[in-house]
Undergrad: 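I am attaching a structure below and will ask some questions about it afterwards.
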Amino acid sequence: VQLQAYGGGLVQAGGSLRLSCAADGRTFIGYIMGWFRQAPGQEREFVAAITWSGTSDLYADSVKGRFTISRDNGKNTVYLQMSGLKPEDTAVYFCARGRSFSIQQKSYDAWGQGTLVTVSS
């Protein structure tokens, strides 16, 4: 099982950033994919999820309308396009493979190393 998130960095408030998560085929094909984040001193929380077909997605209320999850099954990659970034979006972002279409962390059984997003005010 191999997941690698990348694309994080430092961005000003109001800016945009796109995260990517590359997976090996066994990890990716046929699975739901999700993004989670963990801010300093806080628990990891759900951000977004997308079905294998890409026809359904799910978002945390805090990012709805600002973030968009998508996937390219030919490249075994899932993306998180983030716009209108706020300082409170600062966190380490993780991608994960899901067994069910859920916001619950227990539904995800494979996790990649995170990528840090820092939003300055």
Side-chain angles (χ1 to χ4, degrees):
V1 174
Q2 203 166 17
L3 292 166
Q4 180 63 56
Y6 57 95
L10 175 64
V11 62
Q12 288 189 332
S16 298
L17 207 58
R18 188 176 82 157
L19 306 182
S20 302
C21 174
D24 64 80
R26 292 177 301 168
T27 306
F28 195 83
I29 295 173
Y31 287 101
I32 291 154
M33 297 299 295
W35 285 96
F36 289 77
R37 68 185 182 186
Q38 186 168 21
Q42 298 187 23
E43 294 186 353
R44 191 162 56 186
E45 64 177 6
F46 171 79
V47 175
I50 189 167
T51 56
W52 162 249
S53 65
T55 55
S56 295
D57 52 27
L58 194 61
Y59 296 95
D61 287 343
S62 58
V63 307
K64 202 172 293 183
R66 299 187 298 122
F67 290 11
T68 301
I69 188 171
S70 62
R71 65 192 297 163
D72 185 335
N73 291 340
K75 296 181 178 180
N76 292 343
T77 302
V78 61
Y79 304 98
L80 185 68
Q81 178 67 49
M82 305 183 294
S83 60
L85 283 162
K86 306 174 182 180
E88 52 263 43
D89 294 317
T90 294
V92 176
Y93 284 72
F94 301 88
C95 58
R97 182 184 74 180
R99 292 288 186 175
S100 61
F101 195 46
S102 169
I103 68 171
Q104 301 293 328
Q105 293 187 49
K106 63 183 180 181
S107 297
Y108 295 80
D109 64 356
W111 296 81
Q113 292 184 334
T115 185
L116 176 63
V117 173
T118 303
V119 184
S120 63
S121 57

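Basis for what follows: all heavy atoms, side chains included, without hydrogens, waters or symmetry-related copies.
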Undergrad: Between the main-chain N or O of Thr51 and the side-chain N or O of Arg71, is there a donor-acceptor pair closer than 3.5 Å?
TA: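 The answer is yes, because a donor-acceptor pair under 3.5 Å joins these two groups.
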Undergrad: For the atom pair CD1 (Ile69) and CE (Met33), what is the distance rounded to the nearest 0.5 Å?
TA: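 The distance works out to 8.0 Å.
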Undergrad: Could you tell me which non-hydrogen atom of Tyr108 sits nearest to which non-hydrogen atom of Ala49, and how far apart they are?
TA: OH-CB, 3.4 Å
Undergrad: Do you know which two heavy atoms are closest between Leu10 and Ser120, and how far apart they sit?
TA: CD1-CB, 4.3 Å
Undergrad: Looking at every non-hydrogen atom in both residues, tell me the closest pair between Arg99 and Arg97 and how far apart they are.
TA: NH2-NH2, 3.4 Å
Undergrad: Would Lys64 and Asp61 pass as an ion pair if we require N to O under 4.0 Å?
TA: yes
Undergrad: Side chain to side chain contact (heavy atoms under 4.5 Å, CB included) between Lys75 and Ser20: does it pass, once the steps are laid out?
TA: CA-CA 11 Å; Lys75 296 181 178 180; Ser20 302; over 6 Å; no
Undergrad: Got a donor-acceptor contact below 3.5 angstrom from the Ser83 side chain to the Arg66 backbone?
TA: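 Yes: the side chain of Ser83 pairs with the backbone of Arg66.
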Undergrad: Please round to the nearest 0.5 Å and tell me the distance separating atom CZ of Arg18 and atom CE of Met82.
TA: 11.0 Å
Undergrad: Is there a ring pair (Phe, Tyr, Trp, His ring centres under 6.0 Å) between Phe36 and Trp111? Walk through the geometry before answering.
TA: CA-CA 10 Å; Phe36 289 77; Trp111 296 81; 4.9 Å; yes
Undergrad: List the atom of Leu19, the atom of Gly8, and the distance in Å for their closest heavy-atom pair.
TA: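 Answer, listing the atom of Leu19 first, then Gly8: CD2-N, 3.6 Å.
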Undergrad: Examine Val78 and Val117 and state if one hydrophobic cluster contains both, with Ile, Leu, Val, Met, Phe, Trp and Tyr joined whenever side-chain heavy atoms are less than 4.5 Å apart.
TA: yes
Undergrad: Per the salt bridge (charged side-chain N to carboxylate O under 4.0 Å, His left out) rule, what does the pair list look like for residues 110-121, sequence neighbours excluded?
TA: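 Every candidate salt bridge (charged side-chain N to carboxylate O under 4.0 Å, His left out) pair involving residues 110-121 fails, so no pair, neighbours aside, qualifies.
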Undergrad: How close do Gln4 and Gln113 get, counting heavy atoms only, and between which atoms?
TA: OE1-OE1, 3.9 Å
Undergrad: Distance from Arg26 atom CZ to Tyr31 atom OH, nearest 0.5 Å?
TA: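 That separation rounds to 10.0 Å.
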Undergrad: Rounded to the nearest 0.5 Å, what separation is found between the CG atom of Asp89 and the OG atom of Ser62?
TA: 7.0 Å
Undergrad: Just by distance, do the side chain of Asn73 and the backbone of Trp52 share a donor-acceptor pair under 3.5 Å?
TA: yes
Undergrad: CD1 of Ile29 to CG of Asn76: how many Å apart, nearest 0.5 Å?
TA: 5.5 Å
Undergrad: Can Tyr59 be reached from Val119 by stepping across I, L, V, M, F, W or Y side chains whose heavy atoms are under 4.5 Å apart?
TA: yes
Undergrad: Answer yes if Phe46 and Tyr79 sit in the same cluster of Ile, Leu, Val, Met, Phe, Trp and Tyr residues linked by side chain heavy atoms under 4.5 Å apart, and no otherwise.
TA: no
Undergrad: So, taking the atom named NZ in Lys86 and the one named OG in Ser121, what distance separates them when rounded to the nearest 0.5 Å?
TA: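 Atom-to-atom, Lys86:NZ and Ser121:OG are 14.0 Å apart.
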Undergrad: So, does Ser107 use its side chain to make a donor-acceptor pair with the main chain of Ser100 at under 3.5 Å?
TA: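 Answer holds: no.
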Undergrad: Please find the pair of heavy atoms, one from Pro87 and one from Ala13, that lie closest to each other, and give the distance.
TA: CD-CB, 4.2 Å
Undergrad: Hey, any chance Leu80 and Val11 share a hydrophobic cluster, counting ILVMFWY side chains that come within less than 4.5 Å of each other, even indirectly?
TA: yes
Undergrad: Among the clusters formed by ILVMFWY side chains lying less than 4.5 Å apart, do Phe67 and Ile50 turn up in the same one?
TA: yes
Undergrad: Starting from the C-alpha separation in whole Å, work towards a yes-or-no answer on side chain to side chain contact (heavy atoms under 4.5 Å, CB included) for Trp35 and Cys21.
TA: CA-CA 9 Å; Trp35 285 96; Cys21 174; 3.7 Å; yes
